[in-house]
Amino acid sequence: MDTTRPYLVLGLDPGIASCGFCLLDMTNHKILEMGSHLFKAPQEDKTKTSLAVTRRKARSIRRNTARTAARLKHCLELLAGAGLVPADADKTWLQTKKGDKPILKLRAGGLDRLLTDREFAQVLYSLCGRRGYIPHGEGRLGETDEDESKKVLGAIKKNQDAMAAGSYRTVGEMLNAQGRSRNRGGDYSLCVYNSQIQDEAKALFASQRARGNTKATRELEDSYLACLTWEKKSLDHDTRVYELVGPCSYFPGEKRAASADVSSELCRAYERLGHIVIVHEDGSEQALTASEIDDYLKILFSTAPIKGNKECKVSYGTIRKDLDISGKSVFKGIAQDREKDEPFVPKAWRSLRRVLPKGLLARMLENRKLGDAVCEALTFASSEASLIERLSDLDLSDDERDAILAVPFTGKLFKGYGSRSLKALRLLLGAFEEPEIRILTDAEKATGLLDLRLSDRGVRGQLLPPYDSYDPTCRNPVVLRAMGRMRHIVNAIIRIHGVPDEIHIELGRDLKMSNKEKGLVDKRNRENAASNKKWATTAAGILGCTPEEVPGRIIRKLILREEQGEKDLYTGDSIDLEHLVRDDRYCEIDHILPYSRTCDDSRANKVLVLSKSNQDKRERTPYEWMTSGEAGAPSWDSYRARVMAQVKNPRKRANYLNTDLGPETQAKFLARNLNDDRYMSVAVKNYLEDCLLFPEDGRKRHVTAVAGGATGNLRWVWGLNFGEGNIKDRTDDRHHAVDAAIIAACSESTVKKVAEASAKGREAFKQLRKSRLADTQPWPTFAAEVAARREFVAPTRMADHGVTGRVFEDTLYHLEGITEDKGKYPLVRASEKTVKKGNVRINPDGSVKLIDGMAFLRLWLDPTARPNGKIKGKWYAEPVYYVDIPAIKAGTYVPRACTIHVARVNWEPVPEAAMGANPVIVFFGDVLSVDDHIGRFGGFDISGCRLTLLNLLTKREACDWPSFGSWGKDTKVRVLQEDCLGHCYDGIAINPEDSTFQQR
């Protein structure tokens, strides 16, 4: 290390709504920067659904509503042109009035009697507005993998069967017999195809012509059917979407291939099968041979169902049976109860096999360019017309094209693109076909693709570019915002201190995992909580205390005891329940593979054993101890039998049965336990590594993705958990800053020192153990300095200063009247009760909408007012809502001051004397300073004209905040401009108990 200048290490802890940061100067033993930056994740608060999904649904509804309105307008023009409705009539002329027959009865009756012009127009207008379901890529067989589409198509099939069974001539006749035609929320039972509505319209035109209606002409019928079936062309849309497909990770000039391509699925199959490892009883490992992989690929990509294996599946159980693998052997990383799972499922190929003829499938396998082109077309197209256009240039017969059109191509199976181009996939497949190459890295090396993947992505600079310019393919708003905020922090630090020598990152769990993974973790957490509660109750009964008073270490021991069949697996001796709970020295939790040699502190490396077993084993593996020849050492064969019978977790079983913990194996354990190689961690690591110009110091690696287990152990060892019982306090946002400090300090040498100190401390007095662990810190006072610095960290927040949002709540209410008190509140009908609402918009038809989002609050000061004899000047509060923004832009908006217990529509305008100066504008999340009080704006109550301010450290409401009515001319009111590093608080000491602050 160069000691002539500071050696800077930056620790980052980015999540979906926060980013902790800490910059250490390792040369001079200083904490240069430390803080927590918070921001709102672009998700719905309750459902955690992405706001992009919500906006997309709303956009789709608005678009469909607008298209329906345009279609109905055109339909009305057609009916007026044919003389069925008056030329000046609007849609209200066709609405059903008292005495009119219901539309359903007209639809059924029109098949057997002459309808009046108005009745016929009502029927045609109604059919045009509710024209049935138009298939979009479900295929001509009507199949789909989308849940909602499955419900729709299932309901349509039932209605088709009902029509056939009841001998109904049209859909209208069938629905009339059922008595209703409208689906209710979540109900699809009355869905029908648009083609069935077309057939009904044709039947009605034919019936009316036959009964002498001269206006039901062929010309009107053709024009009406064209209106009824009109759709926006999708080819241009599909082309625009395809332009967003990103570049290949190997060849930036090539587009990524569709995930459904034959080459894509075949390449992934080679990878998954090549990584299967069978661990035998003696610890030896076995991989599949090249010929075995080829045999399983023939099954997976069979062109026809196999007798006894219709879906052509290859499961782990299949492999065990085919290779005659002993029941005592395990698949590495796969629990025995999951052996029904498949290593790889070629989902798109299975979908094709159910629909396409065997001959075409064989051609697609033999000529993979053709197979890939077909799958690219299926992925590209969002409509049948678009798919036909894409297939027109391929070497296919008419029958083959028709067969492809039957594929359900707009479901999940034919969506999305991988990370490799077809050019790269063909190179990889060529390598995989060589017998000696079975894993991806070897295939990359053989083709030269490894060097291309590891090469620089562009010119490095002193600052990070926007993440979407680095990875234009990223469309995930949660990731984009998280990376955007991290970029602001990194660039702000670089502008002050320069590019760090090293950057350590540990991604928050919520950012690393998919929604499915988060669901599994939540499920596992619930199961663990239930288990903890059960054993806490059991131990409490033995100790005579409450479950809350049972120490956590006892609960952990009880869980391991149950997992191990109530035995010490080393010796086979039973572990007594009461003795375990009452005597803390009776049993100990041991690291199966010594922590000092593996740095593995995970649950998969822990076992509950009798204290004597732990002392006898010492810093050795079970194998090293039991084969040492020592007197009293357990039998390895008996121990192995116990493990095989009792331990289900494959990783834990491998730890128990490890026979080689030499230097090379230890290095692998260390790499696994220190480095996080999950997708998002690698993506962020690459972003920092590829874009920043690091100092030339001879280091090969400047950015490290640190595993959470390593930092979690350091936090505990150094005493930097600030919750009760030495656990992390996640309710205090400052924990992100502490985490970042530990991440910055987490290096391979540090973790090794902690492991070695832990081993030495096993038989030492507690005070010696504590001093040894203190020596593992980057410098002796590091933990104490982090704890002290934490007290002066004020979490900063990115406040949203946008003025767009939801204008009204969804529910429409009926106005019942106005109260007679001074407030003049509108009375609305809600849930069979009449309630007062103070912030509404009353429509001309008497309906009422509740105004939803507040954009910001404006605070006006009238210095000339004298509200009482004590205070000079008066402040007025004016909440501005999203619904007001158009009027503000148009210049027609009148600012009105909030009045206590008065409906908003009756507020008086802000006095002219107050409007002579600019107001103080406060957005949600802004920090407001009033004299010696400071707080984060959390809301405004218009009924009591009261601001809600939150303590910056605890997020609790500040109850000591000076009332709004006590502000006067001399009150200093300002919005504090926060920076992401928190330097705005450098001279301020914030009180965590209330809202007061003082200058330091």
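All residue numbers in this chain count up from 1 along the given sequence.
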**Message:** Checking side-chain polar atoms at under 3.5 Å, does T96 have a donor or acceptor matched by the opposite partner on D100?
**Reply:** no
**Message:** Would R71 pass as a cation-pi partner of W230, given that its NZ or CZ must be under 6.0 Å from the six-membered ring centre and within 45 degrees of the axis?
**Reply:** no
**Asked** Under 3.5 Å, side chain of S966 to main-chain N/O of P962, donor-acceptor pair present?
**Response** no
**Request:** Output yes when R946 and E957 qualify as a salt bridge under the 4.0 Å nitrogen-oxygen rule, no when they do not.
**Result:** yes
**Request:** State whether D800 and K40 are salt-bridged, where the test is any N-O pair (Lys NZ or Arg NE/NH1/NH2 against Asp/Glu carboxylate O) under 4.0 Å.
**Result:** no
**Asked** What's the spacing between F940 CZ and M854 CE if we round to 0.5 Å?
**Response** 7.5 Å
**Asked** Can N951 and D994 be said to form a side-chain contact (heavy atoms from CB on, under 4.5 Å), step by step?
**Response** CA-CA 7 Å; N951 185 283; D994 52 41; 5.6 Å; no
**Prompt:** What's the spacing between C19 SG and D739 CG if we round to 0.5 Å?
**Reply:** 11.5 Å
**Message:** I'd like to know if D884 pairs up with R904 as an ion pair, taking the criterion as any Lys NZ or Arg NE/NH1/NH2 lying under 4.0 Å from an Asp or Glu carboxylate oxygen.
**Reply:** yes
**Prompt:** Just by distance, with hydrogens left out, do D960 and S995 show a side-chain donor and acceptor under 3.5 Å apart?
**Reply:** yes
**Item:** ring pair (Phe, Tyr, Trp, His ring centres under 6.0 Å) assessment of F924 paired with F937
**Value:** CA-CA 6 Å; F924 284 109; F937 179 56; 5.3 Å; yes
**Request:** Indicate the atoms forming the closest heavy-atom contact of C75 with C128, along with that distance.
**Result:** CB-SG, 3.8 Å
**Message:** As an exercise, state the distance from SG of C980 to CZ of R487, rounded to the nearest 0.5 Å.
**Reply:** 11.0 Å
**Asked** For the residue pair F964 and W967, does the interplanar ring angle fall in the parallel (under 30°), tilted (30 to 60°) or perpendicular (over 60°) class?
**Response** perpendicular
**Message:** Can you tell whether the side chains of K837 and E816 come within less than 4.0 Å, N to carboxylate O?
**Reply:** no
**S36 side chain to A737 backbone, donor-acceptor under 3.5 Å** = yes
**Sidechain N-carboxylate O distance under 4.0 Å for K972, D931** = no
**Request:** Would you sort out whether V123 and Y125 count as a side-chain contact (heavy atoms from CB on, under 4.5 Å), showing the intermediate values?
**Result:** CA-CA 6 Å; V123 169; Y125 190 79; over 6 Å; no
**Item:** Presence of salt bridge, K969 and D862, under 4.0 angstrom
**Value:** no
**Request:** Determine, step by step, whether K955 and D733 satisfy the salt bridge (charged side-chain N to carboxylate O under 4.0 Å, His left out) criterion, reporting the C-alpha distance in whole Å, the side-chain angles of both residues, the deciding distance to 0.1 Å, and the verdict.
**Result:** CA-CA 9 Å; K955 296 181 289 188; D733 289 321; 3.3 Å; yes
**Prompt:** Do you see a donor-acceptor pair shorter than 3.5 Å between the side chains of R829 and T834?
**Reply:** yes
**Message:** Once rounded to the nearest 0.5 Å, what's the spacing between atom CD1 of I934 and atom CG of L952?
**Reply:** 5.0 Å
**Asked** Does any non-hydrogen side-chain atom of V927 lie less than 4.5 Å from one of V975?
**Response** no
**Item:** Test side-chain hydrogen bond (donor to acceptor under 3.5 Å, both in side chains) applied to D732 and H735, R734, H736, the passing residue
**Value:** R734
**Item:** Between N839 and Y881, a side-chain donor and acceptor under 3.5 Å
**Value:** yes
**Message:** Can a side-chain donor-acceptor contact be found between H801 and D926 if the only test is distance below 3.5 angstrom?
**Reply:** yes
**Message:** Please check this pair: side chain of N843 against backbone of G846, looking for a donor-acceptor N/O pair closer than 3.5 Å.
**Reply:** no
**Asked** Which distance, rounded to the nearest 0.5 Å, do you find between the SG of C945 and the NE2 of H901?
**Response** 10.5 Å
**Asked** To the nearest 0.5 Å, how far apart are CG in L953 and CG in N991?
**Response** 8.5 Å
**Asked** Is there a donor-acceptor pair under 3.5 Å between the side chain of E119 and the backbone N or O of T116?
**Response** yes
**Message:** Taking the side chain as everything from C-beta on, heavy atoms only, tell me whether M483 gets closer than 4.5 Å to V479.
**Reply:** yes
**Request:** Spell out, as yes or no, whether a donor-acceptor pair under 3.5 Å connects the side chain of T899 to the backbone of V902.
**Result:** no
**Asked** Is there a donor in the side chain of T92 and an acceptor in the side chain of Q95, or the other way round, less than 3.5 Å apart?
**Response** no
